There are 2 protein chains.
Amino acid sequence: MLKKSMQRDEILSYLKSVNTHPTAETIYMEVKKAIPDISLATVYRNLKLLSENGEILELTYGSSSSRFDGNTSPHYHFVCEKCKNVYDIMMDLTDELHSMVTREGYLPYGHRLEFFGVCKDCCQKLKA
Amino acid sequence: MLKKSMQRDEILSYLKSVNTHPTAETIYMEVKKAIPDISLATVYRNLKLLSENGEILELTYGSSSSRFDGNTSPHYHFVCEKCKNVYDIMMDLTDELHSMVTREGYLPYGHRLEFFGVCKDCCQKLKA
DNA sequence: CTAGGTGCAAAATGTTTGCACACGA
DNA sequence: TCGTGTGCAAACATTTTGCACCTAG
């Protein structure tokens, strides 16, 4: 069971109050102002709990290490939550998407789009 | 100036040959098959060089540490490659995007879209 | 020859875990 | 009270750096 804790409350309310995307270290520094003897480990533990519960979003590429892409041609990915396979979605929305963010004042070089769900094969199996 | 090196060539050609998005460690293991005494440090150094030169893409959220988002409503991200800030793009293309992949036979639960490029502020600085 | 590249090991960063104690239901 | 949460320090994982040697231009 998830018990209430002052530390977790403070972390969540800090994250809800800002529109930046702070790192664990930044969150630690900020929350420390309210709870001076909080530890960094507690911050990490609660960030993990909160994102598992869907109350916050962790922005990573899955693992803790960077990933590198040698592919220049535009394509997207579909990650199946059943079979864990990663499928290529051969689609290119570069013009549409980039013109949308360009209108907002950004200069986009590229983008990444990933879908999560169930693939064709696993859909079949679910029906059967 | 950038000198040619067997190690860098091998890393680049490996990355161009796969459609996965390997970590530095994976790249190291693979390139080691061709150049057995390559070191992990060399892999890191060359990955950095190659991505600085735009020959490959590093997929991260800027810093080497995770970032956390208290905003769970549907929105996208813009990662500035200069200042490393992550900006919210308040846009929701769920209906459009999901109907596209549904037509391909997938059953999408969600998706993630992030742009990379240069933000408004850094565009200004580049011009100056 | 010389600036840049390399391997190695150590250091620097970022994150997780073991443990004993503290706290909320 | 009992199971969860916490702080601390140590362990781990990932990435960077200092250094002496090597290599392409």
Side-chain angles (χ1 to χ4, degrees), chain A residues 1-15 20-70, chain B residues 1-15 20-70 79 81-86 116:
Chain A
M1 273 297 91
L2 205 55
K3 218 184 281 188
K4 206 169 143 59
S5 100
M6 190 204 293
Q7 288 84 344
R8 186 160 49 245
D9 285 353
E10 193 62 35
I11 290 167
L12 183 56
S13 86
Y14 169 67
L15 272 175
T20 56
H21 302 88
T23 61
E25 184 67 27
T26 304
I27 296 165
Y28 171 60
M29 300 296 249
E30 288 301 316
V31 173
K32 215 173 163 57
K33 291 176 184 169
I35 307 174
D37 57 356
I38 194 173
S39 89
L40 186 52
T42 296
V43 172
Y44 274 107
R45 275 188 288 237
N46 281 314
L47 288 172
K48 195 175 190 178
L49 272 175
L50 288 167
S51 76
E52 280 168 1
N53 281 34
E55 304 196 66
I56 64 171
L57 242 39
E58 179 174 4
L59 309 180
T60 53
Y61 284 96
S63 64
S64 55
S65 42
S66 288
R67 290 174 171 274
F68 299 87
D69 190 352
Chain B
M1 276 304 91
L2 207 55
K3 218 185 278 186
K4 207 168 144 57
S5 100
M6 191 204 294
Q7 288 85 341
R8 185 159 50 247
D9 285 353
E10 194 62 37
I11 290 167
L12 183 57
S13 86
Y14 168 68
L15 272 174
T20 57
H21 298 133
T23 62
E25 183 68 28
T26 305
I27 295 164
Y28 171 59
M29 300 296 250
E30 287 302 315
V31 172
K32 217 174 162 55
K33 292 176 183 169
I35 308 174
D37 58 355
I38 194 174
S39 90
L40 187 52
T42 296
V43 172
Y44 275 106
R45 275 188 289 237
N46 281 313
L47 288 172
K48 193 174 191 178
L49 272 175
L50 287 167
S51 74
E52 279 167 4
N53 279 35
E55 303 196 67
I56 65 171
L57 232 44
E58 180 172 3
L59 308 179
T60 53
Y61 280 92
S63 65
S64 54
S65 44
S66 288
R67 287 167 174 274
F68 299 86
D69 192 348
V79 185
E81 294 184 346
K82 296 292 171 193
C83 65
K84 308 296 183 189
N85 280 327
V86 181
F116 27 88

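Chain letters run A, B, ... following the sequence lines, proteins first, then strands; residues in each count from 1. Being a predicted model, the structure only gives us computed values, none of them experimental.
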Item to check | Check: A:Arg8 side chain, A:Lys3 main-chain N or O, donor-acceptor pair, under 3.5 Å | outcome: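 Checking the backbone N and O of A:Lys3 against the side chain of A:Arg8, a donor-acceptor pair under 3.5 Å is found.
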Item to check | B:Thr26 vs B:Tyr14 side-chain heavy atoms within contact, under 4.5 Å | outcome: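 Result yes, sub-4.5 Å side-chain heavy-atom pair found.
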Next on the checklist: If you define the side chain from C-beta out and look only at heavy atoms, does anything of A:Leu15 sit under 4.5 Å from B:Asp69?
Outcome noted: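 No; the side chains remain at least 4.5 Å from each other.
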Next on the checklist: Please report the interatomic distance OG1(B:Thr42) to CD1(B:Ile11), rounded to the nearest 0.5 Å.
Outcome noted: 7.5 Å
Checklist entry - What's the spacing between A:Met29 CE and A:Ile38 CD1 if we round to 0.5 Å? => result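 Here the interatomic distance stands at 13.0 Å.
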Output a table of nitrogen or oxygen pairs between the protein and nucleotides 2-5 of chain D separated by less than 3.5 Å.
unit_1 : atom_1 : unit_2 : atom_2 : d
D:dG3  : N2     : A:Lys3 : NZ     : 2.1
D:dG3  : N3     : A:Lys3 : NZ     : 3.1
D:dT4  : OP1    : A:Met1 : N      : 3.3
D:dT4  : O2     : A:Lys3 : NZ     : 3.2
D:dG5  : OP1    : A:Arg8 : NH2    : 3.2
D:dG5  : O3'    : A:Ser5 : OG     : 3.4

Checklist outcome for this item: Terminal axes of the helix from C:dC1-D:dG25 to C:dA25-D:dT1 (5 end pairs apiece), angle rounded to 10 degrees, sit apart by 40°
Check the distance between [N]'s [atom2] and [X]'s [atom1] and give it to me in whole angstrom.
X       : N      : atom1 : atom2 : result
B:Glu52 : C:dG4  : CD    : P     : 14 Å
B:Arg45 : C:dA12 : CZ    : C1'   : 15 Å
B:Asp9  : D:dT23 : CG    : P     : 16 Å
B:Ile35 : D:dC22 : CD1   : C1'   : 15 Å
A:Leu40 : C:dT17 : CG    : C1'   : 13 Å
A:Leu47 : C:dT16 : CG    : P     : 9 Å
A:Lys48 : C:dG14 : NZ    : P     : 18 Å
B:Met6  : D:dG25 : CE    : P     : 12 Å

For [X] versus [Y], what's the shortest heavy-atom pair and its separation?
X       : Y       : value
B:Asn46 : B:Gln7  : ND2-CB, 4.1 Å
B:Phe68 : A:Ala24 : CE1-N, 4.1 Å
B:Arg67 : A:His21 : NH1-O, 2.7 Å

For residues 47-56 of chain A, dump all side-chain donor-acceptor pairs below 3.5 Å to protein atoms at least two apart in sequence or in another chain.
unit_1  : atom_1 : unit_2  : atom_2 : d
A:Ser51 : OG     : A:Leu47 : O      : 3.4
A:Ser51 : OG     : A:Lys48 : O      : 3.3

Checklist entry - Which of residues 25-34 of chain B have a heavy atom under 4.0 Å from DNA chain C? => result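 By residue number: none to list.
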Checklist entry - With sequence neighbours left out, which residue pairs that include part of residues 27-46 of chain B fulfil the salt bridge (charged side-chain N to carboxylate O under 4.0 Å, His left out) condition? => result B:Glu30-B:Lys33
Checklist entry - For D:dT16, does either OP1 or OP2 sit under 4.0 Å from a side-chain N or O belonging to B:Tyr44? => result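 Checking D:dT16 against B:Tyr44, no side-chain N or O comes under 4.0 Å of OP1 or OP2.
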Checklist outcome for this item: Residues passing the side-chain contact (heavy atoms from CB on, under 4.5 Å) test with B:Ser13, sequence neighbours excluded, are B:Glu10
Next on the checklist: Both A:Glu58 and B:Val43 contact DNA chain C. Which one's nearest nucleotide lies toward the 5' end?
Outcome noted: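 Nearer the 5' end of the strand: B:Val43.
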